[in-house]
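Letters A, B, ... mirror the listed sequences (proteins, then strands); counts begin at 1.
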Amino acid sequence: MKAIAFACVHLGGRRVEFSTKDCLYRGSTFRMTNSRIADIFDEIADLLEFQGSNPFRVRAYRNGARIIRDLPESIHTVLADDSRKLTDLEGIGKDLAEKIQTLVETGALKQHQELLEQVPATVLDIMRVPGLGPKKAALLYKELNIATLEQLKAACEAEQVRQLKGFGAKTEQTILHGISIAAAANERIYWAEADSVATEIRELLGTCSSIEQLEFAGSYRRGKETVGDLDVLVVSQDVSEVMQRLGEYSDLAEVIGRGDTKMSIRTHKGLQIDLRVVPAESFGAALQYFTGSKDHNVAIRGLAKQRGLKINEYGVYRIDGDKEVYVAGATEEAVYATLDLPCFPPELREARREFEWAAKGELPELISIKDIRGDLHMHTTATDGRASLEEMVAAARERGLSYIAITDHSQRVSMARGLNAARLLAQWAEIDAFNKRLGKEFTVLKGIECDILEAGGMDLPDDVLAEADWVLASVHYGQQQSREQITQRILDAIENPWVTAIAHPTGRILNRREAYEVDIDAVFAAAAEHGKLLELNANPARLDLHDVHCAAAKSHGIPIVINTDAHSIDGLDCMRYGILQARRAGLTKEDIANTRTLPQLRSLIRKGRSKT
DNA sequence: GCCGTTTTCGGCCCGACTGTTTTCAGTCG
């Protein structure tokens with residue numbers, strides 16, 4: 001796999017996992033968050049599935065988990081508003097609403113605890129071994145009392161598992177193999193990593209003369225921040241040529257399976273790639289189907305049913321007595337058109353608000369990378385960047401930008417040789433001179449990524465910040481502080497007249513570090529009140545703000561600024577990851593500050609200063 | 001467990017592949 005340059009954040013970290021108990025009681029000030037509620041619902045779904053419960057009941061919990069996780073505001077905000085009910089949320093009925101209420105009030109759920117007493121939590125690991133699902137895991141537990149991966153491994157090696165009905169020698173081997181790759185298989189990789197694999201696969205399969213169409217689907221196409229596996233669809237008259245070529249992939253570790261139309265392989269890093277060969281008249285239907293999301297498709301299929309239609313990966317069919325008549329399927333547009341729906345941008349297909357928007361004719365025209373005029377967060381060799389001011393400017397101009405802000409670290413970030421006032425003023429003098437040479441075509445804004453100190457307050461004096469064109473405020477230290485402390489630090493920064501935007505507002509790093517405890521609703525309220533901006537950091541390991549929070553910021557009228565936080569020339573190319581995230585949030589050009597012309601941007605900055 | 005102008009009960013998306021079967025269950029996406 002091609003190495004990807006990520007500023008600050010290193011790849012290869014293990015996923016940070018918290019048990020439910022940790023989640024419940026982490027930190028001294030207990031507070032139930034949306035994601036904790038969602039995690040508990042997901043775990044209930046897993047446990048119920050293991051017990052063989054009604055699959056639709058299981059789905060209802062998973063659905064509930066997704067709805068709460070995707071909610072663009074804190075569940076506390078909904079509960080505090082007397083005019084709103086949890087059951088107004090589609091998919092949350094009386095029962096789940098009560099459970100959410102109980103979780104918020106008491107931090108625990110009797111049903112959840114009882115399930116955990118009935119089923120050892122470790123059996124959930126067994127269900128995650130590829131090839132094992134709830135039924136087989138339950139049988140292993142019931143018949144052989146296997147509750148841990150270690151016990152499972154031992155039983156397979158002792159050839160006990162093959163004695164069970166429905167199991168055989170082959171299954172034992174699959175399980176043993178599955179255990180060894182289970183950890184890697186569970187890890188979702190950054191979208192950017194998936195993109196580099198997809199590019200390689202596209203090039204490889206591009207050498208097949210028989211391929212007429214090729215497209216990637218799945219969460220990769222939806223631009224999700226992490227990707228579990230890659231789905232590639234092709235139209236070809238020669239299936240064996242395509243499958244043979246995929247089998248020649250340089251990073252191939254194993255062929256998992258190969259049938260008439262489907263082939264699955266795994267890379268050495270554990271990424272699964274699924275290839276499907278479909279007829280041309282089905283390509284659009286297959287693309288729609290495998291792009292998902294699952295919940296989006298369930299909704300689509302429900303709508304189809306109401307109209308006497310059936311949709312599968314081969315096309316849309318009209319049910320006519322016993323016959324099924326093909327109606328559409330060659331293109332996605334045609335598939336959606338049978339339901340009088342627009343061809344949703346893949347990034348919106350999450351069963352969030354896209355159907356509501358479509359019904360009102362208000363589907364947003366999503367931002368695209370060509371709308372971006374500037375990049376307002378980057379570092380140079382003055383601190384921990386690898387390119388000089390001149391090099392960054394040249395690279396930015398090459399990328400078609402018309403302005404940038406140089407935002408090196410402030411002094412608190414000693415590890416990066418952060419700038420004190422004297423060094424910062426010297427850099428700004430250099431930028432002034434530089435701008436004179438550049439003329440009107442390109443402008444470098446005098447910026448700073450100023451730390452919000454652990455004890456509160458900014459890392460540089462106000463009279464220095466007042467000289468800046470652009471001030472980002474960041475939390476880098478004291479991330480373990482209480483919710484109240486961290487929130488107050490950020491609110492104080494927002495109220496500082498010279499601060500323009502809060503950078504990477506939640507501090508999370510995908511697969512590695514949870515967001516710090518912050519009352520994000522309070523941050524939204526303060527930013528809206530004081531005319532401040534929030535950053536969507538485009539680093540593929542950060543993507544902070546989260547898409548759900550971007551949508552919430554929009555609803556508060558807060559402009560988002562998409563920045564690369566580049567620490568090198570290549571880092572400037574991260575912009576497209578931020579664009580994808582913004583698109584997933586349903587943001588348009590108008591919602592993003594750095595799509596504006598420089599005079600418009602300066603006016604926005606002045607507005608923030610006048611409101612604080 | 002959710003949902004509803006066909007319904008408050010009875011539905012809930014659908015097909016490929018594998019392994020263990022001998023017509024199908026389980027898993028996966």
Side-chain angles (χ1 to χ4, degrees), chain A residues 41 44-45 48-50 52-67 86-100 111 126-140 161-175 177-178 185 217-222 227-233 239 243 255-264 272-278 282 285-286 288-317 319 324 339 351:
Chain A
F41 280 0
I44 290 173
L48 287 173
E49 195 171 34
F50 178 84
S53 293
N54 177 348
F56 297 105
R57 189 173 169 223
V58 172
R59 184 204 278 177
Y61 277 99
R62 294 232 164 88
N63 204 29
R66 179 183 57 83
I67 289 159
L86 285 174
T87 48
D88 293 340
L89 299 166
E90 196 176 327
I92 304 293
K94 183 166 167 286
D95 195 88
L96 289 186
E98 278 173 11
K99 284 174 175 156
I100 292 166
Q111 175 203 20
I126 291 173
M127 286 188 348
R128 293 192 184 98
V129 173
L132 291 183
K135 296 284 193 312
K136 285 192 163 145
L139 197 67
L140 286 164
V161 171
R162 66 179 65 181
Q163 316 293 336
L164 297 178
K165 184 174 164 59
F167 291 76
K170 192 81 186 267
T171 315
E172 266 177 359
Q173 291 312 307
T174 307
I175 291 171
H177 184 57
S219 55
Y220 168 70
R221 182 161 181 250
R222 300 202 311 280
V227 171
D229 54 28
L230 270 182
D231 299 294
V232 54
L233 304 176
V239 175
M243 291 190 174
V255 175
I256 300 168
R258 178 173 168 172
D260 292 338
T261 62
K262 183 187 165 188
M263 174 174 176
S264 296
Q272 184 170 330
I273 301 168
D274 295 325
L275 166 78
R276 287 181 177 83
V277 185
V278 299
S282 299
Q288 193 286 320
Y289 182 86
F290 289 110
T291 296
S293 68
K294 191 174 175 177
D295 297 299
H296 177 89
N297 284 354
V298 167
I300 291 285
R301 258 153 264 287
L303 292 172
K305 206 160 193 173
Q306 287 172 14
R307 296 180 173 223
L309 298 171
K310 186 177 94 170
I311 301 184
N312 59 27
E313 61 258 57
Y314 296 104
V316 184
Y317 299 86
I319 312 289
E324 291 180 357
L339 302 173

Item to check | Pairwise side-chain contact, A:Y61 with A:D95, heavy-atom cut-off 4.5 Å (strictly under) | outcome: yes
Checklist entry - Nucleotide by nucleotide, 5' to 3', does protein get under 4.0 Å of the base (B), only the sugar-phosphate (S), or neither (-) in nucleotides 8-14 of chain B, counting heavy atoms? => result ----BBB
Next on the checklist: Please report the distance separating the P of B:dG11 from the corresponding atom of B:dA16, rounded so that it comes out in whole Å.
Outcome noted: 25 Å
Item to check | A:L140 side chain reached by A:L132 side chain, heavy atoms, under 4.5 Å | outcome: yes
Checklist outcome for this item: Rounded to whole Å, the CD-C1' distance (A:E49 to B:dG1) equals 14 Å
Item to check | Counterpart residues, ring-ring contact (aromatic ring centres under 6.0 Å, His included), relative to A:Y220 (two or more places apart) | outcome: A:W191, A:F216
Checklist outcome for this item: salt bridge (Lys or Arg N to Asp or Glu O under 4.0 Å) test vs A:E49 passes for just one of A:R59, A:K135, A:R62, namely A:R62
Next on the checklist: Without decimals, in angstroms, what is the distance between A:D229 CG and B:dC28 C1'?
Outcome noted: 10 Å
Checklist entry - C1' atom, B:dT21 versus B:dG26: distance in rounded Å? => result 12 Å
Next on the checklist: Taking the C1' atom in each of B:dT6 and B:dG10, what is the distance between them to the nearest angstrom?
Outcome noted: 13 Å
Next on the checklist: Across nucleotides 18-26 of chain B, 5' to 3', mark each nucleotide with B, S or - according to how protein heavy atoms within less than 4.0 Å reach it.
Outcome noted: SSS-----S
Checklist entry - Which pair of non-hydrogen atoms, one from A:L96 and one from A:G91, has the smallest distance, and what is that distance? => result CD1-O, 3.9 Å
Item to check | Complementary nucleotide of B:dC24, counting Watson-Crick and G-U pairs under 3.5 Å | outcome: B:dG19
Next on the checklist: Would you measure the distance from the C1' atom in B:dT22 across to the matching atom in B:dT18 and give it in whole Å?
Outcome noted: 15 Å
Item to check | For A:R276, all residues meeting salt bridge (Lys or Arg N to Asp or Glu O under 4.0 Å), sequence neighbours excluded | outcome: A:D231
Next on the checklist: Does any part of the side chain of A:V161, heavy atoms only, come nearer than 4.5 Å to the side chain of A:T171, both counted from C-beta?
Outcome noted: no
Next on the checklist: From CZ of A:R62 over to P of B:dG29, roughly how many Å is that when rounded to an integer?
Outcome noted: 13 Å
Item to check | Whole-angstrom distance between B:dT7 and B:dC12, as gauged at atom C1' | outcome: 13 Å
Checklist entry - Once you round it to whole Å, what is the distance between C1' of B:dG1 and CD1 of A:I92? => result 10 Å
Item to check | Interatomic distance at C1', B:dG1 relative to B:dT8, whole Å | outcome: 14 Å
Checklist entry - B:dG15 C1' sits how many Å from A:D260 CG, rounded? => result 14 Å
Checklist entry - Looking at side-chain heavy atoms only, is the closest gap between A:E313 and A:V278 below 4.5 Å? => result no
Checklist entry - By side chain to side chain donor-acceptor pair (under 3.5 Å), which residues pair with A:Q288, not counting sequence neighbours? => result A:N297, A:Y336
Item to check | P spacing across the pair B:dC17 / B:dC13, given as an integer number of angstrom | outcome: 23 Å
Next on the checklist: Need the glycosidic conformation of B:dT7: syn if within 90° of 0, anti if not. Which one?
Outcome noted: syn
Next on the checklist: Regarding A:T261, tell me which of base, sugar-phosphate or nothing describes its non-hydrogen contacts under 4.0 Å with the strands shown.
Outcome noted: sugar-phosphate
Next on the checklist: With rounding to the closest Å, how many angstrom separate the P atoms on B:dT20 and B:dT27?
Outcome noted: 13 Å
Item to check | Nearest to side-chain heavy atoms of A:Q111, which nucleotide of B:dG1, B:dG29, B:dA16 | outcome: B:dG1
Checklist entry - Quick one: A:D88 CG to B:dC3 P, roughly how many Å, whole number? => result 10 Å
Checklist entry - Mapping A:D274 and A:K99 onto DNA chain B by nearest heavy atom, which one lands closer to the 5' end? => result A:K99
Item to check | Gap between atoms CZ and C1', on A:R57 and B:dC2 respectively (whole Å) | outcome: 12 Å
Checklist entry - Atom CD of A:Q306 to atom P of B:dC3: distance rounded to whole Å? => result 15 Å
Checklist entry - Tell me, which pairs form a side chain to side chain donor-acceptor pair (under 3.5 Å) where one or both residues lie in residues 299-311 of chain A, sequence neighbours left out? => result A:R307-A:D340, A:K310-A:E324
Item to check | Sub-4.5 Å side-chain heavy-atom contact between A:D274 and A:D229 | outcome: yes
